[in-house]
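Worksheet: the structure to be examined is printed underneath.
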Amino acid sequence: MNNMRSYNTKSKKILFACIPADGHFAPLTALAKHLQKVGYDVRWYVQELYKEKLEKMDIPFYPYVHAPQLNQLNFESYFADRINYKSPSAKFRFDLEHLFIGTVKKNINDLEDIYAVFPFDLVVTDIMFFSIPIIKAVFKVPVIAAGVIPLSKTSKGLPPVGLGLTPTNRLSGKIKEAFLHFVTHHFIYKKPNKLFKNLLQEYGVEIQQGNIFDILYNSADVVLQSGTPSFEYERNDLGKNIHFAGSLLPYSNNKNNEVWFDARLNKYKHIVLLTQGTVEKDIKKLLVPALEAFKNDVNTLVVCTTGGSQTLELRANYPQAHIIIEDFIPFADVMPYADVYITNGGYGGVMLGIENNLPLVVAGVHEGKNEICARVGYFKYGINLKTETPIPSQIKKAVYEVITNTQYKKNIKRLSKEFAQYHPNQLCEKFVAELLQPQLITKELARKLATNTY
C-alpha cells in the first residue's frame, strides 16, 4: 500500500462517528488508523467513554456535547423503563425509539459544531448511526457505513429482520414470512418507522420506500458489510452500494508483542473458550451454566473471560485446575488452541472465531444477537441454543456435538478461507478515494483489490 502514501490526501478531512458501544466502535478503529496512515486527516466523534482509546491511537477526538452522556455502561440505568420490555422485539423497538432515533437531533447539533472547526469531507460511521441520511442532506458529504451487524436490509425472499428467523423454501414457511413482514411493518416497527420518517422530513430528507433499516442502507454511499457471502443468507436484491468486507476487527498495536499463554493450553484433550462479552453483566446467563457444565470434566480446559463481571466471585466458586477465569484475555492468543467457542453471539467475537477456524456454540437473543446466532446455526458453523439462559446440560451436549461432528470444523475452515480473501482496510481506502479523489485510484491498487493479492 506504499503507493497510496504519496497522494495528496492531507487536505481531505474524514470524521468517524458511531453509536457509543464497543460493538459499534471497535470494528471501525482499524479503518480509521489505516486511513490516517495513508495521509487523511482523521478525527472521531463519539461519547467520552472512548476518549482514552482514541488518545492511545493518536486520533483527535470530539466528545458528545449536545448528545446525552449515554453509553453501553449506563444504558440500562439511563432507561430504567427498558426492564419492563421482555420480548426481543419489544426491547429492540424500545432501543430504536430511545437510543437510535431519540438522540439523532442532538448528534446533528454536535456535528454542526464540529463542522464549524473541522469541515469534514466524508463521514465513516456504523450502519446503526441513524444520522446517516441527515448528514448527507445537511452537510452534503458522502457517507461510508460499516455493517457491524448482520445485513439488515429487507429482502423479499427472506424473513423480516430482528426476529432471528432463518430462510425457508416451504410454501407454509413463505406464507408465514409474508404474514410476519406485514406484522413487523404495521405493528412492531410502525412507531419507530413513523418517528424516523417524521424526523427526516424535519431536515428536508426525501422519504424513501421501506423501513428504517432500508433507509439507512440506501442512504449510505457505500456499505462495508462485515462478513462474507457465505455468512449471509442468499438474496437477489442486494443493493449495489453494499460490499462484503471480511472481518471488521479492532485496531491492534501491541508494541511489546506480549502474548498471553498458560501452560495448561498444552495439557488437555479439549479446550473450550467461554465469554459473554463486555456488555452483558449477568454472569448467570451464560458463564455460570457453562462453568457448571464442565466443572467436573477434568479432560476439558475451560478458558473463561468475564469482561470484568464478578471475576473474583467466579474464581472462588470454580477453583478447579482445569478452569481459567480472567477479566480479559486476547482472543487471538487463545483461539488457535481452542476446539469450541461458547459465546452470546457478539458480532466481533464471532468474526474473530471464524478467522481462527473455531466452531461455535452460541446463546444470544437480545441486541440483535438472535440474528447472528441464527446464521451460525443455519450454516452449521456451530450450534445455536436459541436462548440467553441455557442450562448446563444444553451447553455440554452442544459442545460435545461440535467437537465430535467434524462437519462443523470443515464448514468453519471453508468460511475462514473465504474471509481471508477480503481486505477491509484497502477496500475502505479505495472507496474513500473514489468518493473524494477518484484520480487517486491507481491501476496497481485496482488490480490488487480485483484479484485479492494483498
Open item on the list: Would you call the rings of F120 and F118 parallel, tilted or perpendicular, taking 30° and 60° as the class edges?
Closed with: tilted
Task: Closest non-hydrogen atom pair, L314 against S309 - done: CD1-O, 4.1 Å
TODO: Look only at the side chain of K174 and the backbone of T168, and say whether a donor-acceptor pair between them is shorter than 3.5 Å.
DONE: yes
- [ ] For the residue pair P167 and L158, establish whether any side-chain heavy-atom pair is separated by less than 4.5 Å.
- [x] yes
Open item on the list: Can you classify the ring geometry of F231 versus F379 as parallel (below 30°), tilted (30 to 60°) or perpendicular (above 60°)?
Closed with: tilted
Task: Side-chain donor/acceptor of S416 to backbone N/O of I412, under 3.5 Å - done: no
TODO: May I ask you to check whether over 12 heavy atoms, not counting those of K386, lie within 6.0 Å of atom NZ?
DONE: no
- [ ] Would you confirm whether E388, through its side chain, and G364, through its main-chain N or O, come within 3.5 Å as a donor-acceptor pair?
- [x] no
Task: Side chains of R235 and L151 in contact at under 4.5 Å (non-hydrogen atoms) - done: yes
Open item on the list: Looking at every non-hydrogen atom in both residues, tell me the closest pair between I215 and K197 and how far apart they are.
Closed with: CD1-CE, 3.9 Å
Task: Residues that N356 engages under side chain to side chain donor-acceptor pair (under 3.5 Å), provided they are two or more places apart - done: none
Task: Residue list, side chain to side chain donor-acceptor pair (under 3.5 Å) with K105, at least two apart or on another chain - done: E202
Task: CD on E97 to CD1 on I212, rounded to 0.5 Å - done: 9.0 Å
- [ ] Report the C-alpha distance between Y64 and Y45 in whole Å, list the side-chain angles of each, state the deciding distance to 0.1 Å, and finish with yes or no for ring pair (Phe, Tyr, Trp, His ring centres under 6.0 Å).
- [x] CA-CA 7 Å; Y64 281 17; Y45 165 64; 4.8 Å; yes
TODO: Output every pair passing side chain to side chain donor-acceptor pair (under 3.5 Å) with a member in residues 145-156, not counting sequence neighbours, ordered by first then second residue.
DONE: T154-N211, T154-D214, S155-D237
Task: Salt bridge flag under 4.0 Å for residues R414 and E418 - done: no
Open item on the list: The criterion is ring pair (Phe, Tyr, Trp, His ring centres under 6.0 Å); which residues satisfy it with Y378, sequence neighbours excluded?
Closed with: Y233
Open item on the list: Does C18 form a side-chain contact (heavy atoms from CB on, under 4.5 Å) with W44? I'd like the steps, not just the answer.
Closed with: CA-CA 9 Å; C18 63; W44 206 307; 3.6 Å; yes
TODO: Let me know which of F100, F196, F129 forms a side-chain contact (heavy atoms from CB on, under 4.5 Å) with L216.
DONE: F196
Task: Contact summary for G308 and D327, nearest pair of heavy atoms - done: CA-OD1, 3.6 Å
Task: K12 versus L436, closest heavy-atom pair with distance - done: CB-CD1, 4.1 Å
Task: Side-chain heavy atoms of T103 within contact of P68, under 4.5 Å - done: yes
Task: All ring pair (Phe, Tyr, Trp, His ring centres under 6.0 Å) counterparts of Y203, not counting sequence neighbours - done: none
TODO: Verify whether the ring centers belonging to F244 and Y422 lie closer than 6.0 Å.
DONE: no
Open item on the list: I'd like to know if the side chain of Y347 and the backbone of S226 have a donor-acceptor N/O pair within less than 3.5 Å.
Closed with: yes
- [ ] Please tell me if the side chains of N344 and K285 come closer than 4.5 Å, counting only heavy atoms from C-beta onward.
- [x] no
- [ ] Apply the test side-chain contact (heavy atoms from CB on, under 4.5 Å) to residues L360 and V402: give CA-CA distance (whole Å), side-chain angles for both, the deciding distance (0.1 Å), then the verdict.
- [x] CA-CA 8 Å; L360 304 113; V402 168; over 6 Å; no
- [ ] Sequence neighbours left out, what pairs pass side chain to side chain donor-acceptor pair (under 3.5 Å) with at least one residue falling in residues 132-148?
- [x] K136-D221
Task: Pair E48-F61, side-chain contact (heavy atoms from CB on, under 4.5 Å): steps then yes or no - done: CA-CA 9 Å; E48 292 209 18; F61 162 76; 4.0 Å; yes
Open item on the list: Under the rule for side-chain contact (heavy atoms from CB on, under 4.5 Å), what residues qualify as partners of E234, not counting sequence neighbours?
Closed with: none
Open item on the list: Within the 4.5 Å heavy-atom criterion, are L415 and Y381 side-chain neighbours or not?
Closed with: yes
- [ ] In plain terms, say whether K397 and E401 are close enough for a salt bridge, that is, a side-chain N and a carboxylate O under 4.0 Å apart.
- [x] no
TODO: Tell me, please, which residues at least two apart from F331 pass ring pair (Phe, Tyr, Trp, His ring centres under 6.0 Å).
DONE: Y341
Task: Rounded distance (nearest 0.5 Å) linking atom CD1 of I19 with atom OG of S131 - done: 8.0 Å
Open item on the list: Under a 3.5 Å distance rule, please check whether H24 uses its side chain to pair with a backbone N or O of A17 as donor and acceptor.
Closed with: no
Task: Spatial distance of atom NE2 (H185) from atom NZ (K190) [nearest 0.5 Å] - done: 9.5 Å
- [ ] Answer whether the closest heavy-atom distance between the side chains of Q421 and T228 falls below 4.5 Å.
- [x] no
Open item on the list: Can a donor-acceptor pair be found, under 3.5 Å and without considering hydrogens, that links the side chain of E371 to the backbone of I149?
Closed with: no
TODO: Provide the closest heavy-atom pair for T166 versus A374 in the form atom of the first, atom of the second, distance.
DONE: CG2-O, 3.8 Å
Task: H66: partners by side chain to side chain donor-acceptor pair (under 3.5 Å), with sequence neighbours left out - done: D113
- [ ] Please round to the nearest 0.5 Å and tell me the distance separating atom CG of L385 and atom SG of C373.
- [x] 8.5 Å
Task: Backbone of K13 reached by a side-chain donor or acceptor of D41 within 3.5 Å - done: no
Task: Which residues share a ring pair (Phe, Tyr, Trp, His ring centres under 6.0 Å) with Y50, sequence neighbours left out - done: F25
Task: Gap separating the SG atom of C428 from the CG atom of L28, nearest 0.5 angstrom - done: 8.5 Å
Task: side-chain contact (heavy atoms from CB on, under 4.5 Å) evaluation trace for F130 with N107 - done: CA-CA 9 Å; F130 273 51; N107 286 138; over 6 Å; no
Open item on the list: Could you report the tightest heavy-atom contact between C304 and L287, atom names first, then the distance?
Closed with: SG-CD2, 3.9 Å
Task: side-chain contact (heavy atoms from CB on, under 4.5 Å) partners of K380, counting only residues at least two apart - done: Y408, N411
TODO: Flag yes if more than 12 heavy atoms outside K51 fall under 6.0 Å of its NZ atom; otherwise flag no.
DONE: no
Open item on the list: Taking the side chain as everything from C-beta on, heavy atoms only, tell me whether E434 gets closer than 4.5 Å to F431.
Closed with: yes
Open item on the list: With a 3.5 Å distance limit and no angle check, can you tell me whether N370 reaches the backbone of G162 through a side-chain donor-acceptor pair?
Closed with: yes
Open item on the list: Between E280 (side chain only) and G277 (backbone N and O only), is there a donor and an acceptor less than 3.5 Å apart?
Closed with: no
Task: Residues which pass side chain to side chain donor-acceptor pair (under 3.5 Å) with T29, listed by chain and number, not counting sequence neighbours - done: none
Open item on the list: I need the I144 CD1 to N241 CG distance, nearest 0.5 Å.
Closed with: 11.0 Å
